[in-house]
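Everything quoted here is computed from the prediction, not taken from an experiment.
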Amino acid sequence: MRMPLTKLNLHLTDATVEVPLPQGIVSELNHQLDLLVQQFKTGDKGTKQPTWEYQHIGEVFFEVFCNPNIWANPFVAKVLITVRDDRLRCTAEMTLAQFRQDIQEVL
């Protein structure tokens, strides 16, 4: 049985990408983003932090990557988004704040 898909609209700087994802995946992604923000807030700036990555393989391949070591805080941090299928690949960078806002709009 296929799960109903939610349309996650990612508002990039010059475009919007619509990604079909199950609602449960969007909720899980939101939870993982909360953990990433906590990592920024509680991480020791002198200690290297692990990179953060989220992947979902479904109707499309969806991946989000962030390296917290190169950003001073979650307000300036950016994530790298990849959306692809067998015919198309889109890779773009967007702010973590905008990404979280796009996730919240779906929830």
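Screening residues 21-34 for salt bridge (Lys or Arg N to Asp or Glu O under 4.0 Å), with sequence neighbours left out, gives Asp34-Arg100.
Contacts of Ser27 classified as side chain to side chain donor-acceptor pair (under 3.5 Å), with partners at least two apart in sequence or in another chain: none.
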>> Working note: Phe62 + Ile25, criterion side-chain contact (heavy atoms from CB on, under 4.5 Å); need CA distance, chi angles, decisive distance, verdict.
In response: CA-CA 11 Å; Phe62 179 68; Ile25 295 299; 5.8 Å; no
> Going through the distances and angles, do Lys41 and Val37 end up as a side-chain contact (heavy atoms from CB on, under 4.5 Å)?
Replying inline: CA-CA 6 Å; Lys41 291 179 179 178; Val37 171; 3.7 Å; yes
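Note on Leu107 and Leu96: same hydrophobic cluster, where clusters join Ile, Leu, Val, Met, Phe, Trp and Tyr whose side-chain heavy atoms are under 4.5 Å apart, directly or indirectly. No chain of hydrophobic side-chain contacts below 4.5 Å, direct or via other Ile, Leu, Val, Met, Phe, Trp or Tyr residues, connects Trp52 to Phe65. Ile70 and Phe40 fall within the same hydrophobic cluster, defined by Ile, Leu, Val, Met, Phe, Trp and Tyr side-chain heavy atoms under 4.5 Å apart, directly or through other members.
Contact of the Leu21 side chain with the Thr6 side chain is not registered, since no non-hydrogen atoms from C-beta on lie closer than 4.5 Å. No side-chain heavy atom of Leu36 sits under 4.5 Å from any side-chain heavy atom of Tyr54. Contact of the Glu105 side chain with the Asn9 side chain is not registered, since no non-hydrogen atoms from C-beta on lie closer than 4.5 Å. Thr95 places none of its side-chain heavy atoms less than 4.5 Å from the side chain of Phe75. Within the 4.5 Å cutoff, no side-chain heavy atoms of Thr91 are placed close to those of Arg84.
Nearest heavy-atom pair, Cys66 versus Lys78, reported as atom, atom and distance to 0.1 Å: SG-O, 3.5 Å. Between Leu10 and Asp102, the closest heavy-atom pair is CA-OD2, 3.3 Å. Taking every heavy atom of both residues into account, His11 and Gln98 meet most closely at O-CG, 3.4 Å. Leu12 and Met94 make their closest contact through CD2-SD, 3.8 Å (heavy atoms, listed as atom of the first residue, atom of the second, distance). Annotation for Leu5 and Glu59: closest pair CD1-OE1, 2.9 Å, computed over non-hydrogen atoms. Shortest non-hydrogen contact noted between Trp71 and Val76 is CE3-O, 3.4 Å.
Counting non-hydrogen atoms of other residues, nucleotides and ligands closer than 6.0 Å to CZ of Phe61 gives a total above 12.
Here the straight-line distance linking atom CD of Gln104 with atom CG of Asn30 works out to 4.5 Å at 0.5 Å rounding. Going from atom CD1 of Ile103 over to atom CD of Gln32 covers 11.5 Å, rounded to the nearest 0.5 Å.
Side chain of Asn67 to main chain of Thr51: no donor-acceptor pair is present (N/O by atom type, distance under 3.5 Å, no hydrogens or angles).
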